[in-house]
Amino acid sequence: MNRARARSLPAAAVAAAASLLLAACTSHSTPPASQPATPARPATPAPGQALPEVRVNQVGYPPAGPEAAYVMLPRQATEVRFTIADGRGVVFRGSSRQDLGRWSPHYPAVYRLAFSGLTRPGTYRITVNAAGATAVSPAFAVASPAALYHRLVLNAVRYFTSERDGPQVVPSVLARQPANLTDARAYVYASPRYDSNDNLLGTLHRVGGPVDVAGGWFDAGGGYEKFAYTSSYTDGLMLLAARDFPGSYPTLQPEADFGLSWLEKLWNPATKVVYIQDGIGTGNAKNTIQGDYNFWFLPQAEDRMDVKPGGHPGPTAYYVKYRPVFEAAPPGQQVSPDFAGRLAADYALGAQLAAGHDRPQAEHLLALARGVFAMAQTSHVGAIVTVFPHDFYPGSEWVSDMLWGAAEIALAHEALGAPAAQVRAELAVAARWARAYLAQGHKPGGDTLNLYDTGAVAEAELLQAMRQAGGSAVIAPATLLADMAAQLRLGENWARSEPFALGTALGDSDATPHAFGLYITDALYRRYGGAGTYRAFASQQLAFTLGANPWGSSFVVGAGATFPHCMQSEIANLAAPLDGKGDIQVGATVDGPSSPGNFSGLGTVTGMRACSAGAYQLFNSKAAAYEDNVVSWPSVEPAADYTANSLLAFALAAQDRG
C-alpha cells in the first residue's frame, strides 16, 4: 500500500538545508465579520506546551449527514463538555466520554464530539473548556451539500487550468504563458536506465520522431514532466464527473477535453505505439545531463534556455529544453496493460460525452479505445511500466485498469446505440476482467481506490453499463457491490487503529488521495444499491482532508480557513502570493501527513522563494508529520492525481442527499 512518490530534489540541486522547525504564525485567514469571534486563550502556553485543540471539517457539514468533530487533550478527562455557537449565541450543548485513544506524547487523549442534532443552516464554532484551558474551533458551516462543495469542484478545475502546458494556456489564471512549445516537435528515445538513487545511467538514444506531444497538464508542483500514467487516471475521473453531472460545472468538461486532447496524441494506431512520458525529472549523478528538478522557474523559461556551448545554462540542460519522449514499448509490440486499460477508459469516456452531439468524433474515440485496449500484454506481464524511473510511481496492479477500460468501452457502445449483441459481447469482456480483479481479493493492509488501484471506479462503471443495457447481468451486481464493500472494510480496519479514523496507514501511504478515494468508493457503492453502512466512516474521510485531523489543516488550497500556503509548486511559489490570500492556486490538493523521516535533508533550489507557514510540530507523532514549507514535498507538493480524487469526491458530495 505504501507509495514512494519520489519527487524529492536531487542532491546536486540542493543549495541549502531547510529547517524542519517552522516558525509560528497566526491563523491562516481572518474569518468574515459574520462569523463568531474567537475568544482569546486564557494564557499563553510555554514553548512546546500542549493545549486543547478542536478539529473540524472546516468546509462544513450537511444537515442530514453525520456531524462530528474532535478535541485533542494533553490529558484524559472524565467527560468533555462543549458548546456550539453562532453569532447570536449558543445553539447546541453536548458532552463526550468517548476517548478514542492516544495520538502522541503531547496528546494522549482524543475525544469525538458528536452534534448531529444541529441542522439549522448557519456558521458556527465549537468551544471546549478542558485541561485548564479554552479551545475554540475554526468556523464551519452547516449547509446543503451543494452549498458546501460546488465551489470546490470549480476550484479543482481551475487548478488544472493553472497547470496547462503548451500554447493553449489561460493568461487570466495565475498569469500563465505558453510553455514548452518545443514539444510540438519532440523526439523519441529508447527507455532510459536509472540507478537505485534515480540517477540516469549512460546517455539517451534517439529512436524516432519528431512527434507532437504539446499540451496536457504538468504532473505535479515540483516539476514540469508529463506522464501518461497519472494523466490517464486524472482525466478519467474528470471525464466521469463531466458525464455524470452535466451542466453543473461549466468549466469541467472543457478542461477534461483539454486533457483528453493530449492523451489522444499518445496513441498512434497506424504505428501501434503508445507514448507515455515527456521529459525527465532527474539527470545523471555528475550533472552532465540535467533534469527538470535541477531548475526552479516558471515553465515558459524552459523555451528560453540557451543550451548551446557557452550558453546559459548550456548543453547539460538540453533535455530540459528539448524534452525526450518515451514509449510504453517499441512500435507494434504489446504494451503494459495499465496503459492499455486506462487510455481505453479515457477514449471511451470521451466517446460517451461526444455521442449526443458529435457522432463522428465519438466513433473515432471509440476506435482509439478499442485499438489501444487490444494492444495490452495480459500474460507473463511481470513488472508493469509506469514512468521512468519506476520509483517515481511504483505501481504494480493492472487488472483494475483493464476492467475500467472494458467497462467504458461497453458504455461507449451503448451511448452510440450499438446492437444488443455487440453490447453483450463487450459486457462479457468487462465481466471477465471483473472476475480477474475479484480473484485478487482484498487482504488486510491492501490498497483501496487511488492512482494505483482503480477497481472501485471500474466496478461502478460496469454496474452502470449493466443497468443501462438491461437484460440478465453478465456478473451479479451484488458480487461487485460486495467487493466495493470489502474495500471500504479495509479502510474501516485501518481507521480503528488511530483516533481520527483515517482509512489508510499514516506515513508513506498517500493519506489525502486514499481518504478521498474511500469517500468516492462509498458514494458509488450507495449509488448502485449499497447500503448506508459505511456513510459515517466515509464522511470522516472527507472531513480528515478538510481539517478534522491532528494538524487542523485542510489539505486542499482554498478549502477551509487553514490550508497550505507554501506548496512545493513552482507556479504557486513564483506566480502567486505566499500568504494564502488573493490570486492563489486554489483547488490544489496535497498529500498532507507523511513519515517523519521523509523530511530529513530537504533543501532549496536556486530561484525558490522561501516560504514557511504554520506551527505544526507539536501535533506530529512518531508515525506522521506535516509541514507547510516550500521544501517539504512529502507534505505540500500538489499533484494531478491527488486533485482529480478531490474533484470527483467533491462532485459526489455536492449531490449527496443521503
Side-chain angles (χ1 to χ4, degrees), residues 1-11 188-205 207 213 216 218-220 222-234 266 273-285 289-294 319 323-330 333-343 375-378 380-402 440 446-447 450-454 507-510 513-514 591 594-595 598 633-634 637 639-642:
M1 186 177 214
N2 286 352
R3 164 181 180 167
R5 185 188 279 268
R7 280 195 289 252
S8 56
L9 302 171
V188 182
Y189 292 79
S191 298
R193 297 180 300 114
Y194 289 86
D195 66 17
S196 59
N197 292 318
D198 295 335
N199 293 308
L200 182 68
L201 296 173
T203 59
L204 297 179
H205 301 283
V207 295
V213 291
F218 304 124
D219 174 63
Y224 296 129
E225 316 97 296
K226 296 180 294 191
F227 298 132
Y229 186 70
T230 50
S231 290
S232 56
Y233 173 84
T234 294
L266 303 187
V273 64
V274 175
Y275 304 114
I276 63 170
Q277 182 168 331
D278 178 25
I280 54 172
T282 55
N284 60 20
I289 296 177
Q290 297 195 79
D292 198 81
Y293 297 169
N294 290 89
Y319 294 114
R323 305 196 297 185
V325 173
F326 303 114
E327 305 160 327
Q333 293 188 17
Q334 291 181 314
V335 302
S336 194
D338 50 319
F339 288 113
R342 292 177 187 214
L343 288 172
M375 292 298 295
Q377 179 182 350
T378 58
H380 309 291
V381 175
I384 63 172
V385 178
T386 57
V387 303
F388 300 109
H390 184 76
D391 279 354
F392 280 16
Y393 291 100
S396 59
E397 201 284 322
W398 55 269
V399 176
S400 63
D401 297 324
M402 291 297 289
Q440 294 179 164
D447 212 354
N450 75 116
L451 175 67
Y452 294 123
D453 189 324
T454 61
D508 288 333
S509 64
D510 280 357
H514 274 94
D591 198 2
S594 188
S595 295
N598 286 341
W633 65 267
E637 183 181 26
D641 60 294
Y642 294 169

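- Using modelled atom types, one side-chain atom of D195 and one backbone atom of N197 make a donor-acceptor pair closer than 3.5 Å.
- Across every non-hydrogen atom of G395 and I384, the tightest pair is O-CG1, 3.4 Å.
- A heavy-atom distance below 4.5 Å is not found between the side chains of P513 and L451.
- Proximity of a side-chain donor or acceptor of Q277 to a complementary backbone N or O of G279 within less than 3.5 Å is detected.
- If you run side chain to side chain contact (heavy atoms under 4.5 Å, CB included) between S336 and each of D401, T386, V385, only V385 comes through.
- Aromatic ring pairs are classed by plane angle as parallel below 30°, tilted from 30° to 60° and perpendicular above 60°; the pair Y189 and Y319 is perpendicular.
- Looking only at distances, no side-chain donor or acceptor of D219 sits under 3.5 Å from a matching main-chain atom of E225.
- Shortest non-hydrogen contact noted between F218 and G223 is CB-O, 4.0 Å.
- Within the 4.5 Å cutoff, no side-chain heavy atoms of M375 are placed close to those of V274.
- Considering all non-hydrogen atoms of both residues, A329 and Q334 come closest at CB-O, 3.3 Å.
- Between the NE2 atom in H514 and the CG atom in D447 there is a gap of 3.5 Å [rounded to 0.5 Å].
- In this structure, S231 OG and I276 CD1 are separated by 12.0 Å, a value rounded to the nearest 0.5 Å.
- Using a 4.5 Å heavy-atom threshold, the side chains of Y642 and D510 count as touching.
- Figure legend: cation-pi geometry between R342 and Y229, with NZ or CZ positioned under 6.0 Å from the six-membered ring centre and within 45° of its axis.
- In this structure, R193 CZ and L204 CG are separated by 10.5 Å, a value rounded to the nearest 0.5 Å.
- At least one donor-acceptor pair closer than 3.5 Å links the side chain of R323 to the backbone N or O of Y224.
- Minimum interatomic distance between G202 and I289 (heavy atoms only, all atoms of both residues): O-CD1, 4.0 Å.
- Across all their heavy atoms, A376 and A340 have their closest contact at CB-CB, 3.4 Å.
- Between the CG atom of D198 and the NE2 atom of H390 there is a distance of 11.0 Å, given to the nearest 0.5 Å.
- Put simply, the side chain of D591 does not reach to within 4.5 Å of the side chain of W633, judged on heavy atoms.
- Y452 OH to D641 CG: the interatomic distance, rounded to the nearest 0.5 Å, is 8.0 Å.
- Checked against Y194 for a side chain to side chain contact (heavy atoms under 4.5 Å, CB included), the options L201, T282, D391, N284 give a single hit: T282.
- Heavy-atom minimum distance, P324 versus I280: CG-CG2, 3.9 Å.
- In this structure, CD on E327 lies 12.0 Å from CG on L266, to the nearest 0.5 angstrom.
- For N294 (side chain) and G291 (main-chain N/O), a donor-acceptor pair under 3.5 Å exists by modelled atom type.
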